[in-house]
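Notes follow once the structure below has been shown.
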Amino acid sequence: LDYIADISDTLRSNTLPPNNIVVFNNNPYLRDVFFEHATTLNSGENYYCSARHIVSLFYDTKYYYFQDDDLVVENPNLLQTLTEVLVQNPESVVSIQGRNIVHTENGDIDFARLEDRETDEEVLETDIAFGRLHMCGKGPILRMLNVRHQHNIYSNRGDDIALSLSNRMYGYKNYIVKTVGRERNFNVSTGLYRSDGHLERRKAVAMRILEIMNADQSLDTGKTIGQ
């Protein structure tokens with residue numbers, strides 16, 4: 001939580017600043033945290049990433065912007081740019097990073113970084129709008145919660161995967177915007193991605209949803225999913 005103030009100041013200085021900033025403190029050992037210019041919710045249990053989308057539904061707004069606490073994007077047009085894409089694609093999930101799902105020779109899956117693709121296109125369709133930073137309306141969140149509930153997908157990893165692939169399941173697309181710049185990462189030692197089995201849990205969520213979707217017939221983004 002050391003960098004929340006920096007993140008909050010950066011978002012509030014955007015050309016399209018947020019109406020409300022909510023900090024969900026997932027650390028049960030760090031209680032009674034308060035941040036200026038933000039609503040702070042202190043949790044008595046670590047729900048990992050699965051809490052953020054559920055908590056967002058307590059707030060009535062057209063678009064929801066989600067961000068991890070270990071990065072910042074210093075482009076003041078970030079929120080404006082993501083919003084413009086959502087105005088054109090209101091049922092989509094948008095991010096600045098994307099992952100396309102590719103099948104490996106050993107029958108596993110892998111995640112290919114879309115933002116590294118050499119192209120002049122500013123907005124690219126992606127299988128997964130990478131969750132460190134993403135934005136969407138209420139629709140994708142409700143669709144994800146419905147899919148997770150119906151199919152008992154309750155992993156505490158891969159909420160961004162569930163969000164994007166559930167959206168695809170309902171026939172909607174997800175995008176990344178390459179022109180807003182890249183994130184500046186803060187030096188933290190406790191990032192969730194560092195934990196044992198993190199990638200495997202994310203893959204398990206993707207594989208489960210792909211099975212539900214009958215991916216070899218239902219999805220074909222950039223000839224990656226289902227091959």
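Nothing here was measured: the structure is a model prediction, and the numbers come from that model. Keep in mind that the numbers below use all heavy atoms, side chains included, and drop hydrogens, waters and symmetry copies.
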Practice item. Ignoring hydrogens and angles, tell me if any N or O in the side chain of Asn185 forms a donor-acceptor pair with the backbone of Leu71 under 3.5 Å. Key: no
**Study point:** Closest heavy-atom pair and its distance - Ala38, Val23
**Key:** CB-CG2, 4.0 Å
Check your understanding: Is a donor on one side and an acceptor on the other found under 3.5 Å between the side chain of His134 and the backbone of Gly131?
Key -> yes
Review point. Who passes salt bridge (charged side-chain N to carboxylate O under 4.0 Å, His left out) against Arg143, sequence neighbours left out?
Key: Glu91
Practice item. Decide yes or no for Leu79 and Pro18: does some side-chain heavy atom of the first lie under 4.5 Å from some side-chain heavy atom of the second? Key: yes
Review point. Which residue pairs pass the salt bridge (Lys or Arg N to Asp or Glu O under 4.0 Å) test with at least one member in residues 94-107, sequence neighbours excluded?
Key: Arg99-Glu115
Check your understanding: With sequence neighbours left out, what residues match Lys138 under side chain to side chain donor-acceptor pair (under 3.5 Å)?
Key -> none
Exercise for review: Give me the other members of the hydrophobic cluster that Leu124 sits in, counting Ile, Leu, Val, Met, Phe, Trp and Tyr linked by side-chain heavy atoms under 4.5 Å, directly or via other members.
Suggested key: Leu114, Ile176
Check your understanding: Can you tell me how far the CG atom of Asn77 sits from the OG1 atom of Thr83, to the nearest 0.5 Å?
Key -> 11.0 Å
Practice item. Flag yes if Ile7 and Phe130 sit in one hydrophobic cluster, no otherwise; membership is Ile, Leu, Val, Met, Phe, Trp, Tyr, and two members link when side-chain heavy atoms are under 4.5 Å apart. Key: no
**Study point:** salt bridge (charged side-chain N to carboxylate O under 4.0 Å, His left out) partners of Asp110, counting only residues at least two apart
**Key:** none
Check your understanding: Quick check: does any side chain N or O of Ser43 sit under 3.5 Å from a backbone N or O of Asn25, one acting as donor and the other as acceptor?
Key -> no
**Study point:** Ile161 vs Met144 side-chain heavy atoms within contact, under 4.5 Å
**Key:** no
Point to revise | Arg12 side chain near Ile21 side chain, heavy-atom distance below 4.5 Å | key: yes
Study note, to complete from the structure: residues 56-66 vs side-chain hydrogen bond (donor to acceptor under 3.5 Å, both in side chains), sequence neighbours excluded, gives Tyr65-Gln67
Point to revise | Qualifying residues under side chain to side chain contact (heavy atoms under 4.5 Å, CB included), relative to His151, sequence neighbours excluded | key: Val147, Ile153, Arg208, Ile212
Review point. Quick one: do Val87 and Ile96 end up in the same hydrophobic cluster if we chain Ile, Leu, Val, Met, Phe, Trp and Tyr together by side-chain heavy atoms under 4.5 Å apart?
Key: yes
Check your understanding: Taking C-beta and beyond as the side chain, do Cys136 and Ile141 meet within less than 4.5 Å on heavy atoms?
Key -> yes
Review point. Can you name the nearest heavy-atom pair linking Ile101 to Asp127, along with the distance?
Key: N-OD2, 2.8 Å
Review point. Within a strict 4.5 Å, meaning less than it, do heavy atoms of the Arg184 and Asp6 side chains meet?
Key: yes
Exercise for review: For Gln80, check side chain to side chain contact (heavy atoms under 4.5 Å, CB included) against everything at least two apart and list the hits.
Suggested key: Thr15, Leu16, Glu84
Point to revise | Pairs involving residues 21-39, ordered by first then second residue, that meet salt bridge (Lys or Arg N to Asp or Glu O under 4.0 Å) (sequence neighbours left out) | key: none
**Study point:** For the student: nearest non-hydrogen atoms of Ile209 and Ala162, plus distance
**Key:** CD1-CA, 3.5 Å
Check your understanding: Among all residues two or more places apart in sequence or in another chain, which pass the side chain to side chain donor-acceptor pair (under 3.5 Å) test with Asp159?
Key -> Arg52, His53
Check your understanding: Would you say Val102 and Ile109 make side-chain contact, with heavy atoms under 4.5 Å?
Key -> no
Practice item. Establish whether Val205 and Tyr154 are linked, either directly or via other cluster members, by ILVMFWY side-chain heavy-atom contacts under 4.5 Å. Key: no
Exercise for review: Please report the shortest heavy-atom distance between Pro140 and Ser92, naming the atom on each side.
Suggested key: CG-O, 3.9 Å
Study note, to complete from the structure: Shortest non-hydrogen pair, Thr10 vs Val73, comes out as CG2-O, 3.3 Å
Exercise for review: Start with the C-alpha distance between Arg132 and Asp160, add both sets of side-chain angles, then the distance that settles salt bridge (charged side-chain N to carboxylate O under 4.0 Å, His left out), and finish with yes or no.
Suggested key: CA-CA 8 Å; Arg132 294 188 70 201; Asp160 56 333; over 6 Å; no
Point to revise | Close side-chain approach of Phe66 to Leu133, heavy-atom, < 4.5 Å | key: no
Check your understanding: Are Leu78 and Leu86 connected in the hydrophobic side-chain network, where two residues link if heavy atoms are under 4.5 Å apart?
Key -> yes
**Study point:** Point-to-point distance, once rounded to the nearest 0.5 Å, from NZ of Lys203 to CG of Leu210
**Key:** 12.5 Å
Revision key, fill the gap. By salt bridge (charged side-chain N to carboxylate O under 4.0 Å, His left out), Lys173 pairs with (sequence neighbours left out) Glu125
Practice item. Please list, chain by chain and in numerical order, all residues satisfying salt bridge (charged side-chain N to carboxylate O under 4.0 Å, His left out) with Arg148, sequence neighbours excluded. Key: none
Point to revise | Distance (rounded to the nearest 0.5 Å) between Phe24 CZ and Thr39 OG1 | key: 13.5 Å
**Study point:** Crowding at CG, Asp120 (>12 non-hydrogen neighbours, <6.0 Å)
**Key:** no
Exercise for review: For the residue pair His37 and Ser8, establish whether any side-chain heavy-atom pair is separated by less than 4.5 Å.
Suggested key: yes
Exercise for review: Specify the closest pair of heavy atoms between Thr126 and Gly98, including all atoms of both residues, with the distance to one decimal.
Suggested key: OG1-CA, 3.5 Å
Exercise for review: Output yes when a side-chain donor or acceptor of Asn100 lies under 3.5 Å from a complementary backbone atom of Ala112, and no otherwise.
Suggested key: no
